[in-house]
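Any value given below was found using the heavy atoms of this structure, including those in side chains, with hydrogens, waters and symmetry copies removed. Order of the sequence lines sets the chain letters (A, B, ...), proteins ahead of strands, with each chain counted from 1. Not measured: the values here are computed from a predicted model.
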Amino acid sequence: MSAVTDLKTRIQRALAAAFGEDFAQTDPMIAATNDPKYGDYQVNVAMSLSKKLGKPPRQIAQDLMDNLDLGDTFEAPEIAGPGFINLRYTAQYLGQRLQTMSKADRNHDRLGIPNVTNPKKVIVDFSSPNIAKEMHVGHLRSTIIGDCIARVLEFQGHDVLRLNHVGDWGTQFGMLITYLKEVAPEALTTANAIDLGDLVAFYKKAKARFDEDEAFQLTAREEVVRLQNGNEDTLKAWRLLCEQSRKEFQVIYDLLDIQVNERGESFYNPYLADVIKDLKTLGLSVEDQGAQCVFLDGFTNREGQPLPLMVQKSDGGFNYATTDLAAIRYRLNEDKAQRVIYVTDSGQANHFEQVFQVARKAKWIPETVEITHVPFGLVQGEDGKKLKTRSGDTVRLRDLLDESIEKFGAIHDARLVAEERSETEEFKSNVARIAGLGAVKYADLSQNRTSSYIFSYDKMLADKGNTAPYMLYVYARVQSISRRGEIDFATLETPVQLQEPSELALAKHLLQMEAAIGAVADELLPNRLCQYLFELSQKFNTFYDACPVLKAEDEGLRSSRLMLCDLTARCVKLGLNLLGIEVLERM
RNA sequence: GGAUCCUUAGCUCAGUGGAUAGAGCAACCGCCUUCUAAGCGGUCGGUCACAGGUUCGAAUCCUGUAGGGUCCGCCA
């Protein structure tokens with residue numbers, strides 16, 4: 001990136017020299033080209049200045065070029081089309097950059113990519129399953145996307161607090177505890193009296209009762225209020241239920257290698273009353289049909305009247321809007337967060353917009369703090385509808401992950417047979433686990449987050465296309481070269497020679513790693529990194545096909561190509577790790 | 001009714017102001033006595049939903065229309 005910054009300065013100097021000091025701050029409009037035949041960068045400023053200067057764009061481009069000193073980074077520029085200026089890196093410059101990249105901090109390998117200059121305290125709120133329910137496919141995206149965003153921001157040097165805002169509070173517990181008192185009271189006083197599967201079944205029945213039985217509904221609501229007021233028996237029952245769920249969640253987090261700190265909705269209970277008090281004092285919250293409501297700008301109901309955000313129910317209970325408001329205050333005032341990122345499905349977009357609006361109206365969010373909802377689409381079945389099992393039930397996350405591991409294991413076994421290879425059980429299960437889980441993660445992250453995607457084991461486990469197995473294969477391929485040639489990449493010390501088109505293309509792509517990571521951090525779109533890695537893998541395979549490495553014509557070229565191989569593998573490893581995916585030395 | 005996201009190749013999707021709109025899959029044609037062919041090269045394939053507008057330049061920004069997803073007061 002420093003090359004582009006430098007280029008910008010040089011062009012601005014040329015603009016000033018050619019057209020006067022007024023143009024010293026004009027944006028040169030530098031962009032990466034979309035076709036190698038136009039070089040590496042195109043400067044588009046000539047077209048935009050045409051009207052202002054009253055000259056044809058190509059003339060402007062020529063005047064600019066006449067005043068431009070490019071140093072030794074780029075070849076002589078060319079004017080093309082309506083007035084594009086095309087710039088191409090010199091092979092020598094690319095070689096130097098690659099050597100710098102190769103030598104940098106091999107031990108904790110970040111390929112010489114520096115930390116950001118202004119690290120921030122960032123909270124990433126993700127995963128957020130509900131107590132007394134199993135994690136299902138609906139939690140997959142939040143967990144994977146949130147983890148990836150956290151990894152990328154941590155890599156950049158930000159102080160990231162990962163928070164699991166678990167649903168451990170509210171009406172659901174009123175329902176569940178009320179129901180359990182009737183049918184399984186021992187579950188409320190004894191640890192592990194029933195297992196989680198049963199708990200889920202009880203939850204469904206409790207919900208059904210709640211929906212149809214008014215008396216039950218009332219009792220359940222009273223139980224919620226008891227919980228929120230700290231009644232001992234109710235609290236004890238609640239703690240038991242949470243502990244049981246927590247163990248189950250941890251199994252999944254361990255499998256997926258996810259670190260996240262539990263801080264559930266209940267954590268904010270002591271702060272809820274103050275939220276209402278302060279909203280009332282500010283005159284924002286008013287009573288409406290017995291409930292406390294804040295009326296919103298830009299939201300109306302069917303009759304065109306302003307829509308409220310309800311912050312306290314008519315029975316005195318608080319709801320998730322109250323909790324989210326209390327969480328905002330706590331995170332900004334106590335955690336001192338400068339950026340807060342919420343990773344939830346796009347169905348909650350309205351809710352967050354409303355909550356943020358209320359918090360802003362109350363002046364709880366300083367201008368310097370960035371608070372963002374990062375929405376994502378649904379996981380759909382092959383029929384385009386919400387993913388379900390054949391019997392129509394929600395897909396348990398555990399089952400989904402196990403199935404992916406098992407399916408990849410079967411594919412891999414078949415390949416071993418075809419290649420007449422014999423491997424240990426340990427080797428096989430490790431490959432299946434890493435590729436199977438990697439495939440699920442990669443399939444999710446490689447989609448544009450905002451759209452829904454169709455879940456397909458066949459596609460995500462395929463060895464062709466933009467998949468985890470394809471990327472893992474590239475890494476393993478490079479390691480195979482080092483084993484075959486008995487190469488220690490760490491000791492490579494050589495000038496890089498770039499002659500073949502496939503070498504140049506690979507070299508240029510390797511140098512864009514930092515920009516790719518930066519794009520994810522800025523846009524919070526992990527698919528940018530996936531796209532980068534996929535293109536890197538393709539360029540590597542093209543290079544590998546065209547250029548002999550171990551059998552290169554001379555020692556210098558051999559070392560140079562080995563360095564390209566090594567850098568590719570390190571980029572793939574770092575990239576996959578930022579996506580939460582491990583690599584395999586052999587597969 | 002409102003809010004919001006979306007509509008790009010047969011299928012699944014990239015691409016938020018630049019040149020002739022890209023990739024994977026599928027289909028078809030080639031490439032293994034040579035470092036892992038889990039690979040590579042090539043062919044075929046598009047009125048970027050539609051209509052206006054802004055701009056030197058629009059899949060991209062604005063307005064409208066049609067179609068679809070999701071959400072909308074006492075669940076979270």
Side-chain angles (χ1 to χ4, degrees), chain A residues 29 31 33-35 37-38 42 44 46-51 56-57 80-84 86 128 130 165 167 169-172 175 207 210-211 221 265 288-293 298-304 307-310 312-315 317 319-321 323-324 344-351 353-354 375 377-378 380 384-385 411-412 415 419 446-448 450-454 456 458-459 462-467 469-470 472-474 476-477 480-485 502 523 527-528 530-531 534-535 538 540-552 561 565 586-587:
Chain A
M29 303 176 76
T33 58
N34 54 12
D35 190 324
K37 75 182 173 199
Y38 301 127
Q42 55 189 52
N44 300 330
M47 278 87 74
S48 68
L49 287 179
S50 179
K51 211 172 229 182
F84 298 105
N86 293 149
S128 311
N130 293 314
H165 193 75
W169 208 241
T171 311
Q172 53 189 344
M175 297 186 318
K207 175 85 168 89
F210 186 85
D211 289 342
R221 289 227 169 87
E265 295 172 341
D288 191 80
Q289 294 170 38
Q292 282 294 322
C293 296
F299 294 90
T300 52
N301 64 12
R302 281 165 219 274
E303 287 76 41
L307 205 63
L309 178 70
M310 188 181 297
Q312 186 171 22
K313 298 185 283 185
S314 54
D315 62 8
N319 58 17
Y320 72 129
T323 307
D324 282 338
T344 80
D345 68 276
S346 48
Q348 294 190 52
N350 268 336
H351 165 69
E353 205 185 321
Q354 292 170 356
L378 297 172
Q380 299 170 321
K385 292 181 180 163
I411 292 169
H412 189 240
R415 186 174 300 284
E419 293 178 2
S446 61
Q447 298 286 319
N448 183 316
T450 54
S451 47
S452 298
Y453 75 96
I454 294 176
S456 160
D458 288 345
K459 284 204 171 124
D463 45 40
K464 291 174 182 170
N466 192 5
T467 64
Y470 180 85
L472 290 172
Y473 179 61
V474 164
R477 234 180 168 180
S480 160
I481 293 170
S482 82
R483 281 192 301 274
R484 176 68 67 109
S502 63
E523 304 169 313
N527 66 308
R528 304 275 188 204
C530 295
Q531 191 66 31
F534 179 50
E535 286 168 10
Q538 284 181 312
F540 173 78
N541 280 328
T542 302
F543 154 78
Y544 183 85
D545 202 56
C547 301
V549 178
L550 293 173
K551 295 174 183 171
R561 286 180 177 166
C565 291
R586 219 158 57 79
M587 62 191 288

Contacts of A/Asp288 that satisfy salt bridge (Lys or Arg N to Asp or Glu O under 4.0 Å) - sequence neighbours left out: none
Closest listed nucleotide, where the reference is the side chain of A/Lys459 and the choices are B/C74, B/G18, B/U12: B/U12
Check: A/Gln42 side chain, B/A19 base, donor-acceptor under 3.5 Å: yes
Side chain of A/Asn130 - closest among B/A19, B/A14, B/A76: B/A76
Counterpart residues, ring-ring contact (aromatic ring centres under 6.0 Å, His included), relative to A/Phe534 (two or more places apart): A/Tyr470
Atom P, compared across B/C48 and B/C74: separation rounded to whole Å: 45 Å
Nearest-nucleotide 5' precedence on RNA chain B, A/Ala80 against A/Lys207: A/Ala80
Gap in Å between the two P atoms, one belonging to B/C44 and one to B/A37, rounded: 28 Å
With A/Asp458 via salt bridge (Lys or Arg N to Asp or Glu O under 4.0 Å) - residues at least two apart: none
Distance test, side-chain N/O of A/Arg221 to OP1/OP2 of B/C75, below 4.0 Å: yes
Salt bridge (Lys or Arg N to Asp or Glu O under 4.0 Å) involving A/Glu523 - partner list, sequence neighbours excluded: A/Arg528
Out of B/C74, B/C75, B/C56, whichever nucleotide has its closest atom nearest the side chain of A/Phe210: B/C75
Rounded P spacing from B/C5 to B/C61 in Å: 11 Å
Under the ring-ring contact (aromatic ring centres under 6.0 Å, His included) test, residues paired with A/Phe84 that sit two or more places apart: none
Using nucleotides 32-34 of chain B, report all nitrogen or oxygen pairs with the protein that are shorter than 3.5 Å.
from, atom 1, to, atom 2, distance (Å)
B/U34, O2', A/Lys551, NZ, 2.6

Side-chain donor/acceptor of A/Lys37 to base of B/U20, under 3.5 Å: yes
C1'-based separation of B/A9 from B/U47 [nearest Å]: 13 Å
Gap in Å between the two P atoms, one belonging to B/U65 and one to B/G2, rounded: 10 Å
Consecutive-pair stems (3 or more, Watson-Crick or G-U, under 3.5 Å) for RNA chain B: B:1-7 with B:66-72, B:10-13 with B:22-25, B:27-31 with B:39-43, B:49-53 with B:61-65
Set of residues satisfying salt bridge (Lys or Arg N to Asp or Glu O under 4.0 Å) with respect to A/Arg586, sequence neighbours excluded: A/Glu423
Which nucleotide in B/C71, B/C74, B/C35 has an atom nearest any side-chain atom of A/Lys313: B/C74
Among B/U36, B/C56, B/A14, the nucleotide that comes nearest once only the side chain of A/Lys51 is considered: B/C56
Can you name the atoms? Protein N/O to nucleotides 67-70 of chain B N/O, anything below 3.5 Å, with the distance.
none

Under the side-chain hydrogen bond (donor to acceptor under 3.5 Å, both in side chains) test, residues paired with A/Tyr38 that sit two or more places apart: none
Counterpart residues, side-chain hydrogen bond (donor to acceptor under 3.5 Å, both in side chains), relative to A/Asn319 (two or more places apart): A/Thr322
Closest-nucleotide ordering on RNA chain B, the 5'-leading residue of A/Asn527 and A/Asn34: A/Asn527
Integer angstrom distance from the P of B/C28 to that of B/A21: 27 Å
B/C32, syn or anti by chi within 90 degrees of zero: syn
Taking only nitrogen or oxygen atoms into account, show me every contact under 3.5 Å that the protein makes with nucleotides 38-44 of chain B, one pair per line with its distance.
from, atom 1, to, atom 2, distance (Å)
B/A38, O4', A/Arg415, NH1, 3.4
B/A38, O4', A/Arg415, NH2, 3.4
B/A38, O3', A/Asp463, O, 3.4
B/A38, N6, A/Met587, O, 3.3
B/G39, OP1, A/Asp463, O, 2.6
B/G39, O3', A/Asn541, ND2, 3.3
B/G39, O2', A/Arg477, NH1, 3.1
B/C40, OP1, A/Tyr470, OH, 2.8
B/C40, O3', A/Thr542, OG1, 3.4
B/C40, O2', A/Asp545, OD2, 3.0
B/G41, OP1, A/Thr542, OG1, 3.2

